[in-house]
There are 2 protein chains.
Amino acid sequence: MNSKISEKVIERLILYKNILEDLENQGILNIYSHQLAKMADVTPVQLRRDLMLLSYYGKPTSGYEVSTLLKAIENFIYKSDCAKVALVGLGHVGRAILNYFQGRSKLLKIIASFDKDYEKVNRVIAGCRCYHISEAPSIIKRENIKIAIIAVPQSSAQEVADMLIEAGIIGILNYSPTRLNVPANVYVEYRDMVRAVEKVAFFACYKNQ
Amino acid sequence: MNSKISEKVIERLILYKNILEDLENQGILNIYSHQLAKMADVTPVQLRRDLMLLSYYGKPTSGYEVSTLLKAIENFIYKSDCAKVALVGLGHVGRAILNYFQGRSKLLKIIASFDKDYEKVNRVIAGCRCYHISEAPSIIKRENIKIAIIAVPQSSAQEVADMLIEAGIIGILNYSPTRLNVPANVYVEYRDMVRAVEKVAFFACYKNQ
DNA sequence: AGATGTGAATGGGTTCACAGCA
DNA sequence: TGCTGTGAACCCATTCACATCT
């Protein structure tokens, strides 16, 4: 592990990857930094700086080759250990995630989903089988899943997190508003929807005086 | 507008507000910076720095008074112009947001929701009436709504954004993966769920070698 | 000429270290 | 003594300016 990699750079690289996938699907072969930067809402210099991480190089004549740059970002971001994802909670958030994932991420796959409601258990929802929450530890261990999405109500979030971590999870995307207590080696990202709207409201008004 | 306010500070202030609401509900009257900082996963110095924005002061003996600090943050964050929110798209993401909002945000209120599906139109879902998308411009103008959440499929996100901005929206929370083309005065926050999981996967693995 | 890649400068955010207070 | 508030130092991210390439 050489120099520390910042969250912002990774977020941007993932965004570039998305845009490049779209460009590839449109049959575009080459792109200049100023074009890609515009699509990603960053400056061309910022983009070129970010790409310095990848040891990938473009050409002054034709810019970047879409397909190879895409592969370079994928190689950099992709860690095969963390390709399998578990989803806990099949309410609206959980279903939304399953729908969005359908076919979108080439790098990650939601292997299993869990819920405590027996109505949902054993059904296949958006291409993913649902198991009872009590089966989570054994399935996560057996499949060696390292990443989990928590989409359960606030009241059970910590309890679910404890169980997941015990089973080997080291990365959590938490859609519940609760702050989780986790060991130092576990990475948690919070996505509270209410806080997100409050942030937008503040900055929108702030920007316009 | 004196000095520029950073996104990170505001995100943290909103988080403190959340935690303080919980503390108030638990009947806790006072709290020290190191306690609140721990709950928010920041350093005590960082917390005290953040509070410098508010012109609110604690006491070395008893720390901060929960109720007044909470009010100070609310006052700072709350802009009455931006209290009304519109939601576009009542798929799973839209419903999830409505459920989370139920009673949670004291500062903001989702006034109206919109969908193109006539099955949903005129129903009241999670306490919020659903209108046909074609009514959005007139209702947004009439109610003077400034903030909107976009929870529609990728293919219609830009079109919806154009319509909203035309009707007076200046802040957008975008759950679709699409990058939006908007005028300079409009603030947009992106919340793509697939990219979020990819970020977690990267850092979880990166942290653990 | 018009791109890319990058050392050096700038600017913003966080932490240190300590003064001041009850 | 143990807290708060904050100038100064530090560190990280972005931007500038320019050498380099075709």
Side-chain angles (χ1 to χ4, degrees), chain A residues 1-16 19-20 23 28-70 72-73 76 199 202-203 206-207, chain B residues 1-16 19-20 23 28-70 72-73 76 199 202-203 206-207:
Chain A
M1 211 175 311
N2 32 19
S3 61
K4 206 123 179 52
I5 298 178
S6 84
E7 306 215 347
K8 292 248 203 112
V9 185
I10 296 299
E11 282 179 10
R12 287 194 300 262
L13 285 173
I14 292 172
L15 175 59
Y16 304 153
I19 295 170
L20 289 165
L23 291 171
I28 292 168
L29 300 176
N30 292 280
I31 193 159
Y32 292 113
S33 67
H34 65 91
Q35 298 173 309
L36 184 51
K38 180 152 195 203
M39 293 184 225
D41 264 324
V42 299
T43 66
V45 187
Q46 173 89 263
L47 170 65
R48 295 202 298 272
R49 275 266 156 209
D50 291 341
L51 299 190
M52 282 177 67
L53 274 179
L54 307 177
S55 313
Y56 171 91
Y57 296 95
K59 291 181 197 146
T61 43
S62 53
Y64 304 98
E65 196 187 6
V66 171
S67 64
T68 52
L69 175 54
L70 181 51
I73 298 180
F76 186 83
K199 180 183 168 190
F202 176 84
F203 278 107
Y206 179 65
K207 240 183 150 173
Chain B
M1 212 176 311
N2 32 18
S3 61
K4 208 129 176 50
I5 298 176
S6 84
E7 305 215 346
K8 293 247 203 113
V9 184
I10 295 300
E11 282 180 9
R12 286 193 302 261
L13 285 173
I14 292 172
L15 175 58
Y16 305 152
I19 295 171
L20 289 165
L23 292 170
I28 292 168
L29 299 176
N30 292 282
I31 192 158
Y32 292 113
S33 67
H34 66 91
Q35 299 173 310
L36 184 51
K38 181 153 194 201
M39 293 184 224
D41 264 324
V42 298
T43 66
V45 187
Q46 173 96 83
L47 170 64
R48 295 203 298 275
R49 275 267 155 210
D50 291 342
L51 298 191
M52 282 177 67
L53 272 181
L54 306 177
S55 314
Y56 171 91
Y57 296 95
K59 291 182 197 147
T61 42
S62 53
Y64 304 98
E65 196 186 7
V66 171
S67 64
T68 52
L69 176 53
L70 180 52
I73 297 180
F76 186 83
K199 181 184 167 189
F202 176 85
F203 277 107
Y206 179 65
K207 239 184 152 175

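Below, chain A is the first sequence line, B the second, and so on; all start at residue 1.
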*Asks:* Met52(A) CE to dT4(C) C1': how many Å, rounded?
*Replies:* 11 Å
*Asks:* Starting from C1' on dG13(C), measure out to CD on Glu11(B) and report it in whole angstrom.
*Replies:* 14 Å
*Asks:* Of all the choices, dC16(D), dT14(C), dG20(C), which nucleotide is nearest to the side chain of Lys8(B) once you look at every atom?
*Replies:* dT14(C)
*Asks:* Please classify the nucleic acid contact of Thr43(B) as base, sugar-phosphate, or nothing, using heavy-atom distances under 4.0 Å.
*Replies:* sugar-phosphate
*Asks:* Considering every strand and a 4.0 Å limit on heavy-atom distances, what is the contact class for Ser6(B): base, sugar-phosphate, or nothing?
*Replies:* sugar-phosphate
*Asks:* Mind calculating the distance between CD1 (Ile5(A)) and P (dA13(D)) to the nearest angstrom?
*Replies:* 11 Å
*Asks:* With respect to the phosphate group of dT4(D), does any side-chain polar atom (N or O) of Tyr56(B) fall under 4.0 Å of OP1 or OP2?
*Replies:* no
*Asks:* Between Gln46(B) (side chain) and Thr43(B) (backbone), is there a donor-acceptor pair under 3.5 Å?
*Replies:* no
*Asks:* Would you mind reading off the distance between Leu53(A) atom CG and dT14(D) atom P, rounded to a whole angstrom?
*Replies:* 11 Å
*Asks:* On the 0 to 90° scale, with breaks at 30° and 60°, tag the Phe202(A)-Tyr206(A) ring pair as parallel, tilted or perpendicular.
*Replies:* parallel
*Asks:* Heavy-atom distance under 4.5 Å between the side chains of Ile73(A) and Ile14(A), does that happen here?
*Replies:* no
*Asks:* Can you check whether Leu23(A) reaches Leu29(A) side chain to side chain, under 4.5 Å on heavy atoms?
*Replies:* no
*Asks:* Atom CG of Asn30(B) and atom P of dC3(D): how far apart are they, to the nearest Å?
*Replies:* 14 Å
*Asks:* May I have the distance from Glu65(B) (atom CD) to dA22(C) (atom P), rounded to whole angstrom?
*Replies:* 16 Å
*Asks:* By nearest heavy atom, map Val9(A) and Arg48(A) onto DNA chain D; which one lands nearer the 5' end?
*Replies:* Val9(A)
*Asks:* Looking at dT15(D), does its base get a donor-acceptor pair with the side chain of Arg49(A) below 3.5 Å?
*Replies:* yes
*Asks:* Could you check which of dA3(C), dG2(D), dT15(D) has an atom nearest any side-chain atom of Pro60(A)?
*Replies:* dA3(C)
*Asks:* What is the distance from CG of Asp50(B) to P of dT4(D), rounded to the nearest Å?
*Replies:* 14 Å
*Asks:* Expressed as a whole number of angstroms, how long is the span from Gln46(B):CD to dT6(D):P?
*Replies:* 16 Å
*Asks:* Are any side-chain N or O atoms of Thr68(A) and backbone N or O atoms of Glu65(A), one a donor and one an acceptor, separated by less than 3.5 Å?
*Replies:* yes
*Asks:* Would you kindly compare Tyr57(B) and Thr61(A) by the position of their nearest DNA chain D nucleotide and give the one closer to the 5′ end?
*Replies:* Tyr57(B)
*Asks:* Among the nucleotides dA3(C), dA17(C), dG13(C), which one has an atom lying closest to any side-chain atom of Tyr32(A)?
*Replies:* dA3(C)
